Student: 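Just passing along the structure, written as structure tokens.
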Amino acid sequence: METATRRSGGVWEGLYKVLMRRNSVYVTFVIAGAFVGERAVDYGVHKLWEYNNQGKRYEDIPGLGQRPVEE
């Protein structure tokens, strides 16, 4: 039974077989991960900034943050 578990590898062996065996797949994974990570951090920081500055932003001040209505 020990040899069967060693032969199957595990999570890390599976990741190696799928992602890191070919350089093109690995580079694509790294670039896509960087892009998705950047978007997630940007969204999170933006929402945190809005939450901490609620009521202090230009848009929250009555009369200033509203655009004039064109007639």
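These numbers were taken from a predicted model, which means no experiment stands behind them.
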Student: Working to the nearest 0.5 Å, report the span between NZ of Lys17 and CH2 of Trp12.
Tutor: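 Interatomic distance, Lys17 NZ to Trp12 CH2, rounded to 0.5 Å: 15.5 Å.
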Student: For Gln54, look at atom CD and say whether over 12 heavy atoms of other residues, nucleotides or ligands are found less than 6.0 Å away.
Tutor: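 It does not: Gln54 CD has 12 such atoms or fewer within range.
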Student: Distance check, rounded to the nearest 0.5 Å: Leu19 atom CG versus Phe29 atom CZ?
Tutor: 5.0 Å
Student: Are Val11 and Val18 joined in one hydrophobic group, where the rule is that I, L, V, M, F, W and Y side chains link up if heavy atoms are under 4.5 Å apart?
Tutor: yes
Student: Please report the interatomic distance OG1(Thr28) to CZ(Arg22), rounded to the nearest 0.5 Å.
Tutor: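 It comes to 9.5 Å.
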Student: Would you indicate whether the side-chain heavy atoms of Trp49 and Arg57 approach each other to under 4.5 Å?
Tutor: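 Yes; the side chains approach each other to less than 4.5 Å.
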